[in-house]
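Below is one structure; the comments refer to it alone.
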There are 2 protein chains.
Amino acid sequence: MTVSKTASDAVRSSRALRREPVDPAGDDSMLQLGELSGLLGYSLKRAQLKVFEDFLRCVAPLQLTPAQFSVLLLLDKNPGRNQTEIANTLGILRPNFVAMLDALESRDLCARMRSTNDRRSHILVLTDKGRAVLARAKKLVANKHEARLIEVLGPANHAALLEMLAKLAQEF
Amino acid sequence: MTVSKTASDAVRSSRALRREPVDPAGDDSMLQLGELSGLLGYSLKRAQLKVFEDFLRCVAPLQLTPAQFSVLLLLDKNPGRNQTEIANTLGILRPNFVAMLDALESRDLCARMRSTNDRRSHILVLTDKGRAVLARAKKLVANKHEARLIEVLGPANHAALLEMLAKLAQEF
DNA sequence: GATATTTGATATGGTGCATAACGATTATTA
DNA sequence: TAATAATCGTTATGCACCATATCAAATATC
């Protein structure tokens with residue numbers, strides 16, 4: 001079952017994501033959003049969907065989801081860690097992390113190695129292919145995805161936005 | 001099947017939401033996030049989860065999810081609309097909107113009325129109870145949820161954040 | 001009047017998230 | 001040391017969310 005999940009994963013990000021709040025003068029007139037536009041959570045969710053959508057587009061050649069990219073990044077920056085540690089810092093529950101790793105490992109992007117100290121845990125390592133894919137992904141993300149974000153927002157706003165979101169993610 | 005879905009929905013928001021990126025000096029040391037902290041999508045998602053979590057806490061007495069609250073808001077501001085129109089402006093697909101309405105209608109917060117002009121469509125209306133619940137929800141959201149956000153970010157930053165998120169949701 | 005479109009609805013499948021439980025291994029402690 | 005508890009990866013399972021295809025009824029279009 002893990003293998004079939006992996007296979008379907010490979011096609012997933014190629015599916016077009018489109019659930020626009022349609023109303024370009026489609027029916028009668030534009031509906032009134034009311035205090036909805038002042039709800040931070042509402043705009044937050046909407047913006048997040050758009051940004052993820054763009055991420056998938058930009059990194060589509062490599063078939064990486066945002067979550068997969070974050071795993072590869074973490075593995076690169078933190079060698080010698082086990083599944084629990086990586087999953088925890090990403091806010092992923094261990095049971096759900098298993099299938100994620102199965103997918104990455106089946107594509108030879110990373111590997112599980114039984115630890116010699118603690119034979120329960122798996123030390124996670126990037127493969128050479130994993131490092132290569134990560135390097136290409138980083139370039140696509142920086143030059144296409146983030147570049148577009150900075151262009152739309154402006155560099156100063158982009159930085160301010162990042163800071164505020166980080167604050168929300170921490171002190172909230 | 002729609003009814004059982006509704007029944008389980010009523011308990012949903014009471015379930016504690018906790019998937020913190022655990023690492024308060026738990027194991028060895030803090031893992032390096034690397035360029036992850038500079039990824040807007042990452043912080044965006046993290047922040048969105050936190051904000052929704054707080055929304056659910058604040059409005060828990062009324063058992064309303066963010067999506068349900070947005071529906072009630074729209075119905076109040078846009079009387080006489082049908083399911084397709086409401087669902088579209090919220091980015092909800094019509095098939096998925098059916099169960100949402102079933103849940104709200106079973107709690108007597110809104111009602112479907114067959115249109116006299118077009119007997120295919122259902123005109124959606126808030127019930128008296130729906131209006132009352134919405135009024136209470138608005139107060140909770142403003143005085144507890146949004147108030148806390150403004151307190152953490154500062155009023156000016158909060159406004160700037162809203163503006164940037166709205167721009168992302170539109171021009172992206 | 002025949003055909004196409006729209007509306008709400010159903011069925012279905014994929015994906016994410018959460019909990020309980022298990023075997024293997026390690027840590028704790030009686 | 002022996003018994004017990006805790007941890008690691010894993011499986012199974014269920015719910016919520018999102019997406020597509022399809023349907024009957026009603027309407028629009030030709």
(message) If you apply the rule side-chain contact (heavy atoms from CB on, under 4.5 Å), what do you find for B:Leu44 with A:Phe52, and how did you get there?
(response) CA-CA 9 Å; B:Leu44 212 41; A:Phe52 268 44; 5.7 Å; no
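- Contact annotation: the side chain of A:Leu90 approaches that of B:Tyr42 to within less than 4.5 Å [non-hydrogen atoms, C-beta and beyond].
- Taking atom CZ of B:Phe97 as the reference point, atom C1' of D:dA19 lies 17 Å away to the nearest angstrom.
- When atom types are taken as modelled, the side chain of B:Asn78 and the backbone of B:Leu74 share a donor-acceptor pair closer than 3.5 angstrom.
- The distance between atom CD1 of B:Ile92 and atom C1' of D:dA19, rounded to the nearest whole Å, is 14 Å.
- When the nearest nucleotides of DNA chain C are assigned to B:Asn96 and B:Asn82 by heavy-atom distance, the more 5′-ward of the two goes with B:Asn82.
- A salt bridge is absent between B:Glu163 and B:Lys167; no separation between the charged side-chain nitrogens and carboxylate oxygens falls under 4.0 Å.
- You'll find that the side chain of B:Pro95 is closest to C:dA9, out of D:dC8, C:dA18, C:dA9.
- Not counting sequence neighbours, the partners of A:Asp128 by the side chain to side chain donor-acceptor pair (under 3.5 Å) test are A:Arg131.
- A donor atom on one side chain and an acceptor atom on the other are found under 3.5 Å apart for A:His145 and A:Asp54.
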(request) Can you check each nucleotide of nucleotides 23-30 of chain D against protein heavy atoms at under 4.0 Å and return B for base, S for sugar-phosphate only, - for none, in 5' to 3' order? (result) --BBS---
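- The interatomic distance linking A:Arg94 (CZ) with C:dA21 (P) rounds to 16 Å, in whole Å.
- Of the candidates D:dA19, D:dG9, C:dA9, the closest approach to any side-chain atom of B:Val98 belongs to C:dA9.
- Atom-to-atom, CG of A:Leu93 to P of D:dG9 comes out at 14 Å; the value is rounded to the nearest Å.
- Between A:Lys45 and A:Ile123, the residue anchored nearer the 5' end of DNA chain D, judged by the nucleotide with its closest heavy atom, is A:Ile123.
- Atom CD in A:Gln48 sits about 12 Å away from atom P in C:dG16, given to the nearest Å.
- Atom C1' of nucleotide C:dT25 and atom NE2 of A:His122 are separated by 11 Å, given to the nearest angstrom.
- D:dT7 atom P lies 12 Å from atom CG of A:Asn88, rounded to whole Å.
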